[in-house]
Amino acid sequence: MRVGVVVLPEHRWEQARAVWRGVEDMGFDHAWTYDHLSWRSLREGPWFGTYATLTAAATVTERIRLGTLVTSPNFRHPVTWAKEIMSIDDISGGRVIAGIGAGGGGYDAEVLGQAQLSAREKALRFHEFVELADGLLRRETHDYEGRFYTARGARMAPGCVQRPRVPFAIAATGPRGLRLAARFGQMWVTNGDPKRFAAVPEAESLRLIRDQLRQFGLACEEAGRDVAEVATMVNGSVVGEEPLASVERFVDFAGSCAQAGFTDLTVHYPRPEGPFASDLRVFERIARDALPVVRRMQPAPPRGTAADTEKCSGREN
């Protein structure tokens, strides 16, 4: 099992530089940052740009993979976004993971004065964003006509360092999003219940993400892909109850995620108070003592094929 860290873009670079370097030095596998113009209860505080932050992080790290958790179609266009992600992939030497989501409600969906979209419209926009981004990052020149996005002779030379393009980590929980992730994703990401962010008891969340993973397996089968070929990541700071409380607590929670079948786990870098607050000293002990244990965990074999469904329902011949 691989473990990553989410670093919120809330610190001036003089301080943030040491955080990104430290996460790599502690041995984590990947590091992420949010793509919002501001975020929930932290809206009144400092908040820096996502891609400038990732570019800076790429210049002070050497090994760790870097990604967005996740890019928001609320205020981005695939053509300009693809140019940015291609550039950071080059600067990082091919270490970028492009996390993409449907775009939530709230400030990000309102700040530009845009019309509010229905769930169906958001799903269509999400599909167009990912489909167009895939085409842009695979080709030097690309055209596309959609309801929400258009590209005419969009050029992406010289292309990504990673071939055929940077990997997509697609965050989704509904049927249409899961099918999108199964078709285009190299990683699928879940936060658990999208309607109750970090407000669901851990046992209930674990049951939910286990079922979501089963549904994702069915979507992969429908798309003609083996679910075992796609990394699956759970946002532990949202799904778990204080996963950074101690080394033992982290190992126990990571074990639950591995038993559910997830290949990757991410947690938030400790904040002194408010959302994602935890003790930095404990976090450092987790990196030192728990990461070697968690890395030896083998995720349970992926479930979710039609055959599995028939076994669970007693319909196997």
Side-chain angles (χ1 to χ4, degrees), residues 1-11 13 15-36 48-72 76 78 80-101 129-130 133-140 156-171 181 184-189 229-237 262-269 283 287 291-292 294-295 299:
M1 179 175 247
R2 294 174 293 266
V3 183
V5 179
V6 180
V7 181
L8 298 185
E10 58 180 333
H11 302 296
W13 186 244
Q15 178 183 354
R17 178 194 296 114
V19 173
W20 289 91
R21 281 179 173 169
V23 167
E24 178 172 69
D25 291 344
M26 282 186 274
F28 289 95
D29 298 288
H30 33 71
W32 310 79
T33 198
Y34 281 7
D35 187 33
H36 292 284
F48 292 93
T50 301
Y51 289 95
T53 296
L54 281 184
T55 301
T59 66
V60 298
T61 56
E62 297 179 354
R63 171 196 57 81
I64 197 167
R65 296 188 70 88
L66 306 168
T68 52
L69 200 67
V70 285
T71 294
S72 174
R76 297 202 183 276
T80 54
W81 172 83
K83 187 73 76 171
E84 295 295 328
I85 208 76
M86 180 191 73
S87 300
I88 301 175
D89 192 50
D90 180 67
I91 292 167
S92 68
R95 291 184 286 130
V96 166
I97 304 171
I100 311 172
F129 191 104
V130 174
D134 175 71
L136 289 164
L137 292 170
R138 288 178 183 272
R139 303 176 181 91
E140 288 196 359
M156 289 294 154
C160 300
V161 172
Q162 301 175 84
R163 295 292 182 174
R165 58 156 168 77
V166 299
F168 286 0
I170 298 180
F184 291 102
Q186 284 66 56
M187 174 183 277
W188 165 65
V189 183
E229 298 175 356
V230 185
T232 53
M233 186 169 76
V234 57
N235 188 339
S237 294
F262 285 86
T263 65
D264 291 74
L265 168 67
T266 189
V267 291
H268 284 62
Y269 190 84
F283 181 76
L291 284 188
V294 173
R295 285 224 178 84

* Does Thr68 reach the main-chain N or O of Gly99 with its side chain, forming a donor-acceptor pair under 3.5 Å? ->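 A pair under 3.5 Å: yes.
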
* When you measure from the side chain of Asp29 to the backbone N and O of Gly4, does any donor-acceptor pair fall under 3.5 Å? ->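 Flag not set: sc Asp29 to bb Gly4 has no pair under 3.5 Å.
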
* Going by an N to O cut-off under 4.0 Å, is there a salt bridge joining Arg138 and Asp134? ->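 Here Arg138 pairs with Asp134 in a salt bridge, since their nearest N and O are under 4.0 Å apart.
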
Tell me every residue that passes side-chain contact (heavy atoms from CB on, under 4.5 Å) with [X], counting only those two or more places apart in sequence or in another chain.
| X | answer |
| --- | --- |
| Ala31 | Trp20, Val23, Ile64, Leu66 |
| Ser72 | Asp35, Asn74, Phe75 |
| Ala231 | Arg2, Met187, Thr263, Asp264 |
| Val161 | Asp89, Asp90 |

Do the non-hydrogen side-chain atoms of [X] and [Y] ever get within less than 4.5 Å of each other?
| X | Y | result |
| --- | --- | --- |
| Thr55 | Glu84 | no |
| Pro78 | Leu136 | yes |
| Val189 | Trp32 | no |
| Ser92 | Arg65 | no |
| Leu54 | Val96 | no |
| His30 | Leu69 | no |
| Lys83 | Met156 | yes |

* Please name all residues satisfying ring pair (Phe, Tyr, Trp, His ring centres under 6.0 Å) with Phe28, sequence neighbours left out, ordered by chain then number. => Phe283

Shortest non-hydrogen contact from [X] to [Y]?
| X | Y | answer |
| --- | --- | --- |
| Thr33 | Pro9 | OG1-CD, 3.2 Å |
| Leu137 | Cys160 | CD2-SG, 3.8 Å |
| Val166 | Ala98 | CG2-CB, 3.9 Å |
| Leu291 | Met26 | CD1-O, 3.7 Å |

Distance (rounded to the nearest 0.5 Å) between [X] [atom1] and [Y] [atom2]:
| X | Y | atom1 | atom2 | value |
| --- | --- | --- | --- | --- |
| Arg17 | His11 | CZ | NE2 | 14.0 Å |
| Met86 | Arg165 | CE | CZ | 15.0 Å |
| Phe184 | Ile100 | CZ | CD1 | 10.0 Å |
| Leu8 | His36 | CG | NE2 | 9.0 Å |
| Ile85 | Phe168 | CD1 | CZ | 8.5 Å |

* To do: Mind checking side-chain hydrogen bond (donor to acceptor under 3.5 Å, both in side chains) for Glu24 and listing every partner two or more places apart, or none if nothing turns up?
  => none

* Asked: For Tyr34 and Thr53, what are the C-alpha separation, side-chain angles and deciding distance, and is it a side-chain hydrogen bond (donor to acceptor under 3.5 Å, both in side chains)?
  -> CA-CA 10 Å; Tyr34 281 7; Thr53 296; over 6 Å; no

* **Donor-acceptor side-chain pairing of Tyr51 and Thr71 below 3.5 angstrom** => yes

